Amino acid sequence: LRDDIVVDVLVSIANLLGCPDEYGLSHHASIVLSELSSCCKGIDHGSSPMDVYFRQVLSRILSPAPPFPWKQSDPAFLATNALLRASKGSTIRDNFDLVATFFIYHLSTKKHLEEDSSGGKQGVEDVSNALLAKDELTEEYSLRISLMSLLQTILSDGSFTDNSSTIVASPFSTNFTTDVLLSLVLPNLVWRAGGLASALRKLSAATLFSLLSNHGKFSKTNGRSGSSGESPLMNQETLIHLIPILHSSLEDTESTTRELSCVCLFLILDQISTDTFN
């Protein structure tokens, strides 16, 4: 099959994989994707066409779509989410310059998440606006929870930080990726009232744990300063700045968030040089 035909088929598969469960299409789409692997040349055993043609497929999904941000029900959002879930961590990392924009637009803290509801008497129009704002806030949190779960899944894939890959040997790429990830996770660790906010904090703590775990594995393999020439995922200064943020999460009302924060602090203290505290 020609490359352009394969990309067309993969875009269709991504859209089918992203369909809601009630349509019952994702299973059939997965079978088609598996069959497609045998029809494509140059695909290694264990690899998926989604990994080989990832950049072309994502570009095709993004090009006709409306500008960011998207709603969780938008076809482009569903297809992109499905593509990312069907791809290896190493594939997403190698194309993070393209993927980062998607996460930044949808996970960066927005003003209305930080504003408290106004008190005092309200008229009919005020109550209507308040209810509308509450619906929008619920939708916003639902989208963030979905994406933070996706980000945590990506980081849990050991290939995302596999030091045998070229991106780990590039200090710019490594630092850029880590800085972006931290900018997405840390603001969502800030305490806010409500059950959805609590769920988002818990997922954010789990995502940070995955990132710190990868950093620890990398450091043990290459030395804390990258003894084999590779740049560490996080420098000492970045690790130190995470301590007060995680310390504030130790009093979270959610026990799982507290436990994850404790483990994250342990991982940080294990990686910080003892000279830092002298």
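Everything quoted here is computed from the prediction, not taken from an experiment.
R258 pairs by the side-chain hydrogen bond (donor to acceptor under 3.5 Å, both in side chains) definition with nothing, not counting sequence neighbours. Checked against salt bridge (Lys or Arg N to Asp or Glu O under 4.0 Å), R55 has the following partners two or more places apart in sequence or in another chain: D97. Checked against salt bridge (Lys or Arg N to Asp or Glu O under 4.0 Å), D3 has no partners two or more places apart in sequence or in another chain. Judged as a side-chain hydrogen bond (donor to acceptor under 3.5 Å, both in side chains), and not counting sequence neighbours, the contacts of T91 are D51. Taking the side chain to side chain contact (heavy atoms under 4.5 Å, CB included) definition, one finds that A82 meets it with L17, sequence neighbours left out. Applying the side chain to side chain contact (heavy atoms under 4.5 Å, CB included) test to L203 and every residue at least two apart in sequence or in another chain returns I145, M148, S149. Residues meeting the ring-ring contact (aromatic ring centres under 6.0 Å, His included) test with F266, sequence neighbours left out: none. Considering only residues two or more places apart in sequence or on other chains, F77 meets the ring-ring contact (aromatic ring centres under 6.0 Å, His included) condition with F102, H106.
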Inset, instruction - Just do the side chain to side chain contact (heavy atoms under 4.5 Å, CB included) check on I13 and L36 with the steps written out, would you? - result: CA-CA 10 Å; I13 291 174; L36 183 63; 4.3 Å; yes
Inset, instruction - Run the numbers on T257 and W191 for side chain to side chain contact (heavy atoms under 4.5 Å, CB included), then give the verdict. - result: CA-CA 11 Å; T257 303; W191 189 91; over 6 Å; no
Inset, instruction - Any chance you could lay out the side chain to side chain contact (heavy atoms under 4.5 Å, CB included) test for L212 and L242, step after step, and finish with the verdict? - result: CA-CA 11 Å; L212 288 169; L242 293 177; 4.1 Å; yes
Legend entry - Worked verdict on L211 versus V185 for side chain to side chain contact (heavy atoms under 4.5 Å, CB included): CA-CA 10 Å; L211 183 60; V185 174; 6.0 Å; no
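A14 and I61 make their closest contact through CB-CD1, 4.1 Å (heavy atoms, listed as atom of the first residue, atom of the second, distance). When all heavy atoms of R192 and P187 are compared, the pair lying nearest together is NH1-O, 3.6 Å. Closest approach of D157 to G89, counting heavy atoms only: OD2-N, 2.8 Å.
Residue pairs meeting the side-chain hydrogen bond (donor to acceptor under 3.5 Å, both in side chains) criterion with at least one member in residues 8-35, sequence neighbours excluded: D8-R60. Residue pairs satisfying the side-chain hydrogen bond (donor to acceptor under 3.5 Å, both in side chains) criterion with at least one member in residues 62-80, sequence neighbours excluded, are listed as follows: Q72-S142. Counting only residues at least two apart or on different chains, the side-chain hydrogen bond (donor to acceptor under 3.5 Å, both in side chains) pairs with a member in residues 243-254 are R201-D252, E254-T256.
Summarising the geometry, atom OG belonging to S183 is positioned 5.5 Å from atom CD1 belonging to I104; distances are rounded to the nearest 0.5 Å. Here the straight-line distance linking atom OG of S213 with atom CG of L155 works out to 10.0 Å at 0.5 Å rounding. From S48, atom OG reaches atom CZ of F54 across 11.0 Å, with rounding to the nearest 0.5 Å. One distance of note links CD of Q152 with OG of S210; it measures 4.0 Å at 0.5 Å rounding. Taking OG1 of T101 as the start and CG of L98 as the end, the distance is 7.0 Å to the nearest 0.5 Å. Taken to the nearest 0.5 Å, the OG atom of S108 stands 11.5 Å off from the CZ atom of F68.
A heavy-atom distance below 4.5 Å is not found between the side chains of Y53 and V9. L208 has its side chain within reach of L246: a pair of non-hydrogen atoms, C-beta onward, lies under 4.5 Å apart. The side-chain heavy atoms of F103 and V180, taken from C-beta on, include no pair separated by under 4.5 Å. Inter-residue side-chain proximity for L265 and L250 is flagged as met; some heavy-atom pair is nearer than 4.5 Å.
Note on I240 and L269: same hydrophobic cluster, where clusters join Ile, Leu, Val, Met, Phe, Trp and Tyr whose side-chain heavy atoms are under 4.5 Å apart, directly or indirectly. In terms of hydrophobic clustering, with Ile, Leu, Val, Met, Phe, Trp and Tyr side chains grouped at heavy-atom distances under 4.5 Å, V190 and I243 are assigned to different clusters. In the hydrophobic clustering of this structure, L137 groups with L147; members are Ile, Leu, Val, Met, Phe, Trp, Tyr whose side-chain heavy atoms approach within less than 4.5 Å, directly or through other members. Residues L78 and L16 are members of separate hydrophobic clusters, defined by side-chain heavy-atom contacts under 4.5 angstrom among Ile, Leu, Val, Met, Phe, Trp and Tyr. Cluster annotation: V11 is not connected to L25 through the hydrophobic network of ILVMFWY side chains, with a link wherever side-chain heavy atoms come within less than 4.5 Å.
Counting only N and O atoms by type, the side chains of S255 and E259 include no donor and acceptor under 3.5 Å apart.
Side-chain atoms of R85 do not come within 3.5 Å of backbone N or O of G18 as any donor-acceptor pair.
Residue I31 belongs to no hydrophobic cluster, having no ILVMFWY side-chain heavy atom closer than 4.5 Å to its own.
Partner of V99 under the side-chain contact (heavy atoms from CB on, under 4.5 Å) criterion, chosen from L84, L151, L83: L84. Under the side-chain contact (heavy atoms from CB on, under 4.5 Å) rule, L107 has a single partner from L184, L143, L150, which is L184.
In this pair, F160 and F96 present their aromatic rings perpendicular. The plane angle is above 60°, beyond the 30 to 60° band.
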